[in-house]
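See below for the structure under consideration.
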Amino acid sequence: MDRNKNSYIFIYSIILVVVVAGALSLVAVLLQPKQAKNYEIEQKRNILSALKINVETKEVESTYAKIVTEIAVDESGNEVEKDDALVLYKAQTDKGLKYVFPLSGKGLWGPIWGYLSLDEDLNTVYGAYFDHKSETSGLGAEIATEHFQSQFSGKKIFNADNQFVSVKTNKRGAQNENEVDAVSGATITSTSVSEMIESCLNKYLPYIEKSRR
Amino acid sequence: MEKNRKERIFLDPLIRNNPITVQILGICSALAVTVKLQSAVVMALSLTFVVALSNVIVSLLRKTIPNRIRIIVQLVVVAFLVIVVDQFLKAYVFDISKQLSVFVGLIITNCIVMGRLEAFAMSNSPRRSFIDGLANGLGYGFILIVVAFFRELLGSGTIWNYQVVPQAFYDAGYMNNGLMIMPPMALIAVGLIVWIQRARQQKKEEGK
């Protein structure tokens, strides 16, 4: 058989690709449940991280089940049963009742996401967790560090006049209790974090205002 | 004579013709994943698996592969194995796969893999190709583990995530060397190993 004939090359590559694609699909389908489970644990670990609880991978699920309850609210701030409504998490920690809000937004190179936990007054930030898909290491990627995230503790999402202002990153450094230091050299990622927190909390604002009273 | 050759296929890549220290291949990932011993070991095993198996597959196919698309065929085989490894890591050692992030995917571009396929598997039997792939993977892994051992010990004071530098040292003013965690120190560590090995080898050859 002439291995340099075009027909041979075409048939050879078609068979090769079909066989490889078939094998890969099989592997992907077989491992899918196990991977989905890992992502779920990872998400729970992140929620716990926003509550400043860091546990071993083995203990994530039991700790989560013990203290966190998921609730859903609609756009006017009422608690509902529906699945497609806005989801937030109530957690009974040893430091009291906390609320955890999921965040997601756009960074410089790809998606960024995280969780923000508020104290029972729904104003003071208790903890924050951020992560990113592909921000620049050493610059934008700093939002995923303890150093950046710990700044959020104790900040307020309402200003002195009781207006919702969210927590913003400021390049000149935190000027008041509604601001944290931005990451130097990562203006776009820092601004994205501000926008993400503001736009995501905004959706929950009716619920937050209702529950504060 | 025949037995001698087989032994050399296995032993050469471990030290005398080590892919990292002698051929200077696969340096990029060697620098990136050697901060912790655990990720270095997983990376070493993944690469060994990919080189050994892709060597076998390509060697089995070697008489059917059309010469004009042989690099493409090799790439498809390597990419296939790398995706399989990546999926398994995500399913069974999720934490480590997060640390290794893109570097598992980048095994595809690791020069060691393509180098062995072209230089060895295309012209040798599956069994020999397997031994060759295994040995090259282990030679790569050996250097990774040595570098990671020192980087983790000096950079974090731990080995395999267990604290080995006693608290008393820290109380007495000892500090972890932050530089060891940075990529430049990996380059220096690899450089030192290359230096030591070449100096010794030269002496041996001169002594002959």
Side-chain angles (χ1 to χ4, degrees), chain A residues 1-46 49 54-61 109-110 129 131-138 141 144-145 147, chain B residues 28 31-33 35 38 46 49-50 53-54 57-58 60-106 108 117 122 161-162 178 181-184:
Chain A
M1 184 107 189
D2 181 9
R3 280 197 269 154
N4 282 324
K5 247 171 56 186
N6 279 349
S7 55
Y8 181 83
I9 293 177
F10 272 116
I11 293 169
Y12 192 91
S13 36
I14 289 171
I15 294 176
L16 180 77
V17 168
V18 169
V19 169
V20 166
L24 278 184
S25 329
L26 189 71
V27 170
V29 169
L30 288 179
L31 294 175
Q32 173 65 29
K34 193 108 188 140
Q35 291 175 359
K37 184 86 194 152
N38 283 333
Y39 284 116
E40 196 187 313
I41 293 175
E42 178 69 12
Q43 190 192 5
K44 288 178 176 173
R45 184 216 289 278
N46 296 346
S49 178
N54 290 309
V55 291
E56 294 277 315
T57 312
K58 298 189 288 277
E59 295 154 22
V60 168
E61 295 228 275
W109 303 112
Y129 172 85
D131 208 346
H132 61 94
K133 173 96 179 154
S134 44
E135 298 307 294
T136 322
S137 352
T145 58
H147 175 72
Chain B
C28 166
L31 304 187
V33 300
V35 174
Q38 212 173 14
S46 308
F49 173 83
V50 172
L53 272 190
S54 60
I57 296 176
V58 168
L60 283 171
L61 295 176
R62 73 184 188 280
K63 295 206 173 98
T64 67
I65 297 176
N67 200 33
R68 271 149 63 190
I69 58 163
R70 68 176 196 287
I71 301 281
I72 300 174
V73 173
Q74 290 165 9
L75 262 181
V76 170
V77 171
V78 175
F80 163 68
L81 289 167
V82 167
I83 295 171
V84 169
V85 167
D86 194 32
Q87 295 287 322
F88 267 92
L89 293 183
K90 275 193 187 132
Y92 291 98
V93 281
F94 187 74
D95 291 347
I96 296 176
S97 87
K98 250 181 60 178
Q99 281 172 29
L100 292 177
S101 65
V102 298
F103 290 101
V104 174
L106 286 178
I108 297 174
L117 293 180
M122 284 302 280
N161 290 335
Y162 289 106
I181 302 177
M182 311 295 259

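Everything numeric in this text was worked out from a predicted model, so none of it was measured. Labels below follow one simple rule: chain letters A, B, ... track the order of the sequence lines, proteins then strands, and each chain is numbered from 1.
- For the atom pair CZ of A/R3 and CD1 of B/I65, the computed distance is 8.0 Å after rounding to the nearest 0.5 Å.
- Rounding to the nearest 0.5 Å gives a distance of 5.5 Å between CZ of B/F80 and CG of A/L24.
- Closest approach of B/Y92 and A/N38 over heavy atoms only: N-ND2, 4.4 Å.
- Separation of atoms CD1 (B/I72) and OG (A/S13) is listed at 8.0 Å; rounding is to 0.5 Å.
- With chain B as partner, the option from A/V17, A/D2, A/V27, A/I9 having the largest number of non-hydrogen pairs under 4.5 angstrom is A/I9.
- Ranked by non-hydrogen atom pairs under 4.5 Å with chain A, the options B/I83, B/V73, B/V84 are led by B/V73.
- Remark: A/Q32 CD to B/Q87 CD distance equals 8.5 Å, nearest 0.5 Å.
- The neighbour count for A/F10 CZ, taken as heavy atoms of other residues, nucleotides or ligands under 6.0 Å away, does not exceed 12.
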